[in-house]
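Notes follow the structure.
Here is how names work: the chains are called A, B, and so on, in the same order as the sequence lines, proteins then strands, and each is numbered from 1.
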Amino acid sequence: MRIATWNVNSLPARLERVQGWIERAAPDVLLLQETKLSDASAPHAFFEGLGYRFAHHGQGRWNGVAIASRVGLEDVVVRFGEPPAVAVELEGEEQVDPMGEARMIAARCGGVRVASLYVPNGRALDTPHYRGKLAWLARLGRWVEETARPDEPLVLGGDFNVAPSDLDVWDPAQLVGGTHVSEPERAAISRLLDWGLVDLYRLRHPEGERYSWWDYRAGMFHKNYGMRIDFLFGTAPIAARCVGSEIDREARKGKPTPSDHAPVVADLDGPGVAFDAGWGAEGRFEKRRGK
DNA sequence: ATGGTGGCCCGGCCA
């Protein structure tokens with residue numbers, strides 16, 4: 001079984017790329033983030049035409065998460081199972097509450113509990129958005145601890161907007177004092193790992209210079225100045241079944257315009273189906289340096 | 001060079 005996660009940065013803007021990638025990578029379960037769609041606009045027929053069932057949790061213009069599965073899709077939960085939040089005032093200090101936003105959907109697919117997660121960006125350390133990010137990550141930790149067990153098949157996938165170690169960023173010195181690398185954010189990821197989740201890509205790839213997100217600006221992708229912030233985290237029974245994992249750098253290249261994130265793939269059981277993930281000869285991306 | 005790109009959808013906001 002192949003599970004993948006991909007922040008598509010708008011599903012309607014990415015439909016052609018998503019269809020091409022599904023045909024190329026043939027995931028059994030695809031976790032999507034940043035669909036930027038309302039539930040009423042969710043493209044169920046598009047996914048059904050490709051052989052997938054589709055569950056979407058959106059709010060329109062921002063955020064939005066979804067699960068496409070061709071191995072069953074049951075027991076859908078959104079927003080950690082909490083009731084819809086009332087409208088949140090975003091102007092005042094300490095009023096930022098990402099809990100009400102469309103950032104979490106979970107389901108059971110092919111005997112595996114999967115969650116598609118879009119962690120708040122946090123903007124900057126001294127903002128209420130950062131404190132909201134930490135609160136959201138704490139809610140995620142509590143949801144995992146209260147509703148799952150480390151010995152059952154569970155996969156958390158998505159855009160975590162955290163680089164867990166300095167090996168996951170192109171230049172740690174440039175990011176000091178910023179979000180994505182702060183100690184509290186990394187502690188929130190450690191909480192998940194300490195509970196029993198395993199970073200499936202890192203399990204198969206100990207090397208650095210492998211990222212899942214590159215800024216659109218300033219040629220960051222071409223210089224391979226990126227961060228590894230998209231993950232598939234699996235419990236021990238999932239890690240034991242994981243025969244391979246890739247970040248598909250090919251999906252970040254070319255036209256039509258790609259997302260700024262690449263898909264992360266993990267294969268459970270069997271040999272998997274090999275594909276060139278675009279990191280260059282011998283699987284190593286040749287870093288190019290700007291003038 | 002204190003920039004740059006891209007998506008929301010048309011004036012800035014967000015990443």
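- The same atom, C1', is picked in B/dC14 and in B/dG4; the two are 16 Å apart, to the nearest Å.
- Remark: the separation of the P atoms in B/dA15 and B/dC9 is 16 Å, to the nearest Å.
- In this structure, A/Asn121 places its CG atom 16 Å from P of B/dC13, rounding to the nearest Å.
- In this structure, a donor-acceptor pair under 3.5 Å is present between the side chains of A/Ser116 and A/Gln33.
- Summary of the strand contacts: A/Glu34 and A/Ala218 both lie near DNA chain B, and taking for each the nucleotide with the nearest heavy atom, the more 5' one is attributed to A/Ala218.
- Straight-line distance from the CG atom of A/Asn63 to the C1' atom of B/dC13: 13 Å, rounded to whole Å.
- Each of A/Lys255 and A/His261 was matched to the nucleotide of DNA chain B holding its nearest heavy atom; the match closer to the 5' end belongs to A/Lys255.
- Using P as the reference atom, B/dG3 and B/dC13 are 16 Å apart when rounded to the nearest Å.
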Show the distances under 3.5 angstrom between N or O atoms of the protein and N or O atoms of nucleotides 7-11 of chain B.
| residue | atom | partner | partner atom | Å |
| --- | --- | --- | --- | --- |
| B/dG7 | OP1 | A/Arg14 | NH1 | 3.2 |
| B/dG7 | O3' | A/Ser10 | OG | 3.3 |
| B/dC8 | OP1 | A/Ser10 | OG | 2.5 |
| B/dC8 | O2 | A/Arg61 | NH2 | 3.2 |

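- Note: NE2 (A/His222) to C1' (B/dG4) measures 12 Å, nearest angstrom.
- At a threshold of 4.0 Å, the pair A/Glu82-A/Arg139 counts as salt-bridged, since one of the basic side-chain nitrogens sits closer than that to a carboxylate oxygen.
- Rounded to an integer number of Å, the gap from A/Tyr130 OH to B/dA15 P is 16 Å.
- Following rounding to the nearest Å, A/Ile229 (CD1) and B/dA15 (P) show an atom-to-atom distance of 12 Å.
- One can place CZ of A/Phe221 at 13 Å from P of B/dG6, the figure rounded to the nearest angstrom.
- Electrostatic pairing of A/Asp168 and A/Arg186 does not count as a salt bridge here, judged by no charged N lying under 4.0 Å from a carboxylate O.
- Only the P atoms considered, B/dC10 is 23 Å distant from B/dT5, to the nearest whole Å.
- When rounded to the nearest whole Å, the span between CZ of A/Arg217 and C1' of B/dT2 equals 12 Å.
- Salt bridge A/Lys253/A/Glu250: present, at least one basic N to carboxylate O contact under 4.0 Å.
- Remark: the A/Tyr201 side chain and the A/Ser212 side chain contain no N/O donor-acceptor pair separated by less than 3.5 Å.
- Whole-Å rounding puts the A/Trp213 CH2 to B/dT5 P distance at 15 Å.
- Within the structure, every pair that satisfies the ring-ring contact (aromatic ring centres under 6.0 Å, His included) test and touches residues 25-46 of chain A, not counting sequence neighbours, is listed here: A/His44-A/Phe54.
- The aromatic rings of A/Phe160 and A/Phe231 sit perpendicular, their planes meeting at an angle over 60°, well past the 30° parallel limit.
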